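Small disclaimer: the values here were computed from a predicted structure and weren't measured. Order of the sequence lines fixes the chain letters, A, B, ..., with proteins taken first and strands second; residue numbering starts at 1 for each chain.
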Number of protein chains: 2
Amino acid sequence: MAVKAAAHPDVEEISLPDVLSALSDPVRVGLVRLLSDGRERGWGELRVPVAKSTLSHHLRVLRAAGITRTRQEGTRCYVALRDADLEVRYPGLLRAVLSGAVAEGVGEQVHEVRDGG
Amino acid sequence: MAVKAAAHPDVEEISLPDVLSALSDPVRVGLVRLLSDGRERGWGELRVPVAKSTLSHHLRVLRAAGITRTRQEGTRCYVALRDADLEVRYPGLLRAVLSGAVAEGVGEQVHEVRDGG
DNA sequence: TTCGACGTTCTACGAACATCGAACAAAGGA
DNA sequence: TCCTTTGTTCGATGTTCGTAGAACGTCGAA
């Protein structure tokens with residue numbers, strides 16, 4: 001199914017090992033970096049050097065860990081960071097991870113593409 | 001060898017994915033929680049519900065990730081948290097992880113044992 | 001209805017991981 | 001020297017993960 005009622009854990013259900021495990025993959029960290037400005041992205045805007053099934057897998061892991069939220073609009077899906085929820089659950093964690101990732105260049109393989117880019 | 005020149009990465013060599021991956025295991029989080037008061041522990045003081053080879057493995061992962069430091073004294077080994085190094089490398093990360101772990105009870109399977117306890 | 005675009009799921013595979021038991025090596029004491 | 005203690009390493013096992021290709025389902029347009 002192109003559009004599915006993606007399972008998003010409630011804030012209370014987010015688990016620390018799941019979050020850290022999800023963030024231990026450079027591709028997923030790159031996605032989080034891209035989304036860290038708070039703007040939502042369509043999946044077509046994501047440029048990741050993996051097959052689309054693999055990207056779907058990574059986005060599912062992020063979603064299941066409670067790190068991102070997916071919204072459907074017609075056939076297209078949009079993904080956004082759940083930064084507020086994460087801040088409530090793990091204050092300071094996201095910022096610490098992001099600044100570390102930027103400093104080390106983790107996730108630079110993930111890029112963004114403008115419409116028609 | 002009971003005593004080995006354990007490989008500790010330099011502060012500059014610590015990698016974020018390695019750190020997050022190391023912290024995504026509840027047993028290792030429990031060890032970090034135990035050490036989070038800054039006190040050094042002898043391995044005999046660590047009560048973990050795993051075989052000693054498994055404990056050795058977990059401590060090696062933590063050491064290789066740069067999270068802990070191991071010191072040898074005779075036949076015994078002592079382990080301590082590299083909290084200062086981690087704070088330099090990833091400011092706020094350790095505290096965020098620890099408070100989340102405490103809130104969720106992650107790593108409670110790891111206990112401490114006093115001499116003769 | 002037919003077609004194309006989009007994302008999910010299935011299946012498969014190699015790599016990495018957590019775990020254990022057993023064998024091994026080094027330091028200290030009897 | 002022999003033995004105990006302590007921690008490492010090896011071999012084996014079952015699981016999970018990252019990855020990809022192929023098939024499928026859904027939506028919108030023609």
Side-chain angles (χ1 to χ4, degrees), chain A residues 1-8 15 17-31 40-65 68-80 106-107 109-110 113 115-116, chain B residues 1-8 15 17-31 40-65 68-80 106-107 109-110 113 115-116:
Chain A
M1 318 122 180
V3 176
K4 207 200 62 170
H8 295 90
S15 130
D18 288 352
V19 169
L20 296 180
S21 176
L23 293 178
S24 65
D25 183 281
V27 171
R28 291 192 289 259
V29 170
L31 292 167
E40 192 182 52
R41 301 296 199 291
W43 294 33
E45 302 178 56
L46 306 174
R47 270 295 170 280
V48 188
V50 296
K52 67 175 180 175
S53 58
T54 304
L55 175 60
S56 184
H57 163 68
H58 284 309
L59 288 168
R60 171 210 283 271
V61 171
L62 287 172
R63 189 197 316 142
T68 59
R69 192 182 304 274
T70 294
R71 180 176 67 85
Q72 305 96 43
E73 184 173 313
T75 342
R76 304 227 176 76
C77 287
Y78 295 88
V79 61
V106 177
Q109 56 212 261
V110 176
V113 128
D115 284 332
Chain B
M1 318 126 176
V3 177
K4 207 201 62 172
H8 294 90
S15 130
D18 288 353
V19 169
L20 295 179
S21 176
L23 292 177
S24 66
D25 185 281
V27 171
R28 291 193 288 259
V29 170
L31 292 167
E40 191 183 53
R41 302 296 199 292
W43 294 33
E45 300 177 58
L46 306 174
R47 268 296 169 281
V48 188
V50 297
K52 67 174 181 176
S53 58
T54 304
L55 175 60
S56 184
H57 163 68
H58 283 308
L59 288 168
R60 172 211 282 272
V61 171
L62 286 173
R63 189 196 314 142
T68 58
R69 192 182 304 276
T70 295
R71 179 175 69 84
Q72 304 97 42
E73 184 173 312
T75 341
R76 302 225 178 79
C77 287
Y78 296 86
V79 61
V106 177
Q109 55 212 259
V110 176
V113 128
D115 284 332

Check your understanding: Side chains of V29(B) and P17(A): closer than 4.5 Å at any heavy-atom pair?
Key -> no
Check your understanding: Out of curiosity, H8(A) NE2 to L62(A) CG, how far, rounded to the nearest 0.5 Å?
Key -> 10.5 Å
Exercise for review: Report the distance from atom CZ of R76(B) to atom C1' of dG7(D), rounded to the nearest whole Å.
Suggested key: 12 Å
**Study point:** T75(A), nearest nucleotide to its side chain (from dT8(C), dT26(D), dT5(D))
**Key:** dT26(D)
Practice item. Could you say whether D25(A) or K52(A) is positioned toward the 5' end of DNA chain D, judged by the nucleotide with the nearest heavy atom to each? Key: D25(A)
Review point. Taking only side-chain nitrogens and oxygens of R60(A), does any of them come within less than 4.0 Å of OP1 or OP2 of dT9(C)?
Key: yes
Exercise for review: Report the distance from atom CD of E73(B) to atom C1' of dG7(D), rounded to the nearest whole Å.
Suggested key: 15 Å
Review point. R28(B) has a side chain; which of dT9(D), dT26(D), dA18(C) sits nearest to it?
Key: dA18(C)
Exercise for review: Take atom CG of L55(B) and atom P of dG7(D), then tell me their distance rounded to the nearest Å.
Suggested key: 9 Å
Review point. Is S24(B) reaching over with its side chain to a backbone N or O of S21(B), donor-acceptor style, under 3.5 angstrom?
Key: yes
Practice item. Let me know the distance between CZ of R63(B) and C1' of dT8(D), rounded to the nearest Å. Key: 9 Å
Practice item. Mind calculating the distance between NE2 (H57(B)) and P (dT15(D)) to the nearest angstrom? Key: 17 Å
Review point. If you look at every strand shown and take non-hydrogen atoms under 4.0 Å, does H58(B) touch a base, only sugar-phosphate, or nothing?
Key: sugar-phosphate
Review point. Looking only at side chains, do H58(B) and R28(B) share a donor and an acceptor under 3.5 Å apart?
Key: yes
Review point. Could you state the CH2-P distance from W43(B) to dT5(D), rounded to the nearest angstrom?
Key: 19 Å
Review point. Picking from L31(B), T54(B), V48(B), T70(B), what satisfies side-chain contact (heavy atoms from CB on, under 4.5 Å) with L59(B)?
Key: L31(B)
Review point. L62(A) has an atom CG; how far is it from atom C1' of dC17(D), in whole Å?
Key: 14 Å
Check your understanding: Atom CD of Q72(B) and atom C1' of dG7(D): how far apart are they, to the nearest Å?
Key -> 10 Å
Point to revise | Under 4.0 angstrom between S53(A) side-chain N/O and dG21(D) OP1 or OP2 | key: no
